Chemist: 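One structure is given below, represented as structure tokens, and several questions about it will come after.
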There are 2 protein chains.
Amino acid sequence: MAKLSREAILDAAVRFVDEHGIAKLSMRKLGAELGVEAMTLYYYLPNKEALLDGLVDHVTSSVDLVARGGEQWPDLLRRIAVSLRAALLAHPGVLPLVSTRPVLSGSSLDAVEGALSVLYATGFTARQALDALNIIGTFTVGHTLAEAGRTPGHEDADPDLDAFVSELDGARHPLFAAAVRSGGGTNHAERFALAIDMLITGIGAGRATGTGHGRATNAERAVSRARRP
Amino acid sequence: MAKLSREAILDAAVRFVDEHGIAKLSMRKLGAELGVEAMTLYYYLPNKEALLDGLVDHVTSSVDLVARGGEQWPDLLRRIAVSLRAALLAHPGVLPLVSTRPVLSGSSLDAVEGALSVLYATGFTARQALDALNIIGTFTVGHTLAEAGRTPGHEDADPDLDAFVSELDGARHPLFAAAVRSGGGTNHAERFALAIDMLITGIGAGRATGTGHGRATNAERAVSRARRP
DNA sequence: CCTTCTCTCTTACGCTGTAAGACAGACTAT
DNA sequence: ATAGTCTGTCTTACAGCGTAAGAGAGAAGG
């Protein structure tokens, strides 16, 4: 039981969430884990919200945003995506929190600027570069949320899915059943990799052919249409 | 105050969350909203978790997954993405819940099968079709989460961002500052539209050139590498 | 009239986040 | 050495939470 500190508390909180799920995390239980009363934690943190913020920072701070020398932008983006996904999957209990807070928070701003500069140096505008980073980030969070599945702390993902699948193999949903049977619904790493390659290809094409400003894409027109139905 | 029912309760819950945020939603307050004691709700719902599940279903059930006659698959996927994003943005308070539960839930399975069949008819395998749907869905959820920003109920997104931006216009993060100043961080609809077009292009390319099974992509290799560092 | 079903209520328990402030020990200043 | 402040932990207390258990009112059917 090392000396108490904000860091020690966050470490214990991550450990607790990994083991019991975020729903069970309370100030009293976390205090007990550290051999201390609940109110003692309030000497290091203003409130529970700050604890959760810290948890997210703790988990995402391991994401490797720093560009290597000579690294091409597609490799950089791919590495960021893979690194972010790995960080999130390492502590899936924290995922529901991550989804609710900005991923590129204050603590990682220097690294973000570094990544932007790599993109900028190869012809992106500042805005395109940030858009690219945002697209990679939001997709990765969304995808990882879906892979991690049910989160609150009950890990009944498997029995749930099994029951679900065996229930529908009938004639009502032949394609869905076929896709699930062939692993289409569960091979997350592969689907993630495919999508990231797609996005990177698209990002490159967007930079080459135009800025995406001014000329409306098909999807933009669809969005505008939907806004006033 | 129409007669009480599961539907009436869910309606009231959506209204409550839209107004006060999900953090403030409690069985007692929701009961009060309906002129009834908290325990009365338990005649219609087994527990609060079921209420939240119902909330997600309620919000996502308006997503239009049904293929029109003669609609091409890229238009179908684009329409699904746009429709899902609109449904989510209509009730941003529910978003944190959506992110934690499967979006394509049991209630929409018929429509999913219909969408799959459109893709299947134009040369996708069942698995590729489901992957495509999943990619569109997870990206849309991830992106919408990021646009809706801070969710718990405090809508301090603007002051927060303003303070954040004005603080960093200095020389430390010139690219980030330039991108934000030009609206790169906030023009969500445009960035979403761009990314969806990218994904659709990529999905089409994936179908044309190969299945994405067997041949490893760059990203897949990166994922495997990261798994055992 | 009696029973059963449907719906709503009251009461109670253990849990939560946290405000307010008491207290002990260590350091600092006179 | 004495007095004062600072640091870290504790106790107590309060309002609110989800919900288990069961009482009771009113309608429906025999």
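Reminder, nothing fancy here: chain letters follow the sequence lines and each chain counts from 1. In this text the structure is predicted, and so the values were computed from the model without any measurement.
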Chemist: Chain A on DNA chain C: first and last contacting nucleotide, 5' to 3', under 4.0 Å to a heavy atom?
Modeler: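 The protein-touched segment is C:dT16 to C:dA20.
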
Chemist: For A:Asp53, enumerate each residue passing the side-chain contact (heavy atoms from CB on, under 4.5 Å) test, keeping only those at least two apart in sequence or located in another chain.
Modeler: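 Expected list: A:Glu49, A:Arg101.
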
Chemist: For A:Arg28, enumerate each residue passing the salt bridge (Lys or Arg N to Asp or Glu O under 4.0 Å) test, keeping only those at least two apart in sequence or located in another chain.
Modeler: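 Testing A:Arg28 for salt bridge (Lys or Arg N to Asp or Glu O under 4.0 Å), a comparison that skips the adjacent residues, returns none.
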
Chemist: Between A:Ser26 and A:Pro46, which residue's closest nucleotide on DNA chain C lies nearer the 5′ terminus?
Modeler: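 In this pair, the answer is A:Ser26.
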
Chemist: Considering residues at least two apart in sequence or located in another chain, which fulfil the ring pair (Phe, Tyr, Trp, His ring centres under 6.0 Å) criterion with A:Tyr120?
Modeler: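 Scan of A:Tyr120 (ring pair (Phe, Tyr, Trp, His ring centres under 6.0 Å), adjacent residues dropped) gives none.
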
Chemist: Check ring pair (Phe, Tyr, Trp, His ring centres under 6.0 Å) between B:Tyr42 and all other residues, then give those that pass, not counting sequence neighbours.
Modeler: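 Listed in chain order: nothing, the list is empty.
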
Chemist: Just do the side-chain contact (heavy atoms from CB on, under 4.5 Å) check on A:Glu7 and A:His58 with the steps written out, would you?
Modeler: CA-CA 9 Å; A:Glu7 279 312 305; A:His58 205 74; 3.4 Å; yes

Chemist: Return the set of residues passing side-chain contact (heavy atoms from CB on, under 4.5 Å) with B:Thr40 (not counting sequence neighbours), or none when no residue passes.
Modeler: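 Expected list: B:Leu4, B:Val36, B:Glu37.
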
Chemist: Could you work out, with salt bridge (Lys or Arg N to Asp or Glu O under 4.0 Å) as the rule, every residue matching B:Asp11, not counting sequence neighbours?
Modeler: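 Checked B:Asp11 against salt bridge (Lys or Arg N to Asp or Glu O under 4.0 Å); zero matches.
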
Chemist: 5'-most contact on DNA chain D: A:Val36 or A:Arg28, nearest heavy atom basis?
Modeler: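 By nearest-heavy-atom nucleotide position, the 5'-most residue is A:Val36.
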
Chemist: I'd like the 5' and 3' limits of the part of DNA chain D contacted by chain B, with heavy-atom contacts below 4.0 Å.
Modeler: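 Listed 5' to 3', the contact boundaries are D:dC17 to D:dA21.
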
Chemist: Applying side-chain contact (heavy atoms from CB on, under 4.5 Å), can you list everything that pairs with B:Thr140, at least two apart in sequence or on another chain?
Modeler: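 Applying side-chain contact (heavy atoms from CB on, under 4.5 Å) to B:Thr140 gives B:Ala81, B:Leu84, B:Arg85, B:Ile136, B:Thr144, B:Phe192, B:Ile196.
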
Chemist: Starting at the 5' end of DNA chain C and moving along, which residue's nearest nucleotide shows up first, A:Met27 or B:Ala38?
Modeler: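 Nearer the 5' end of the strand: B:Ala38.
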
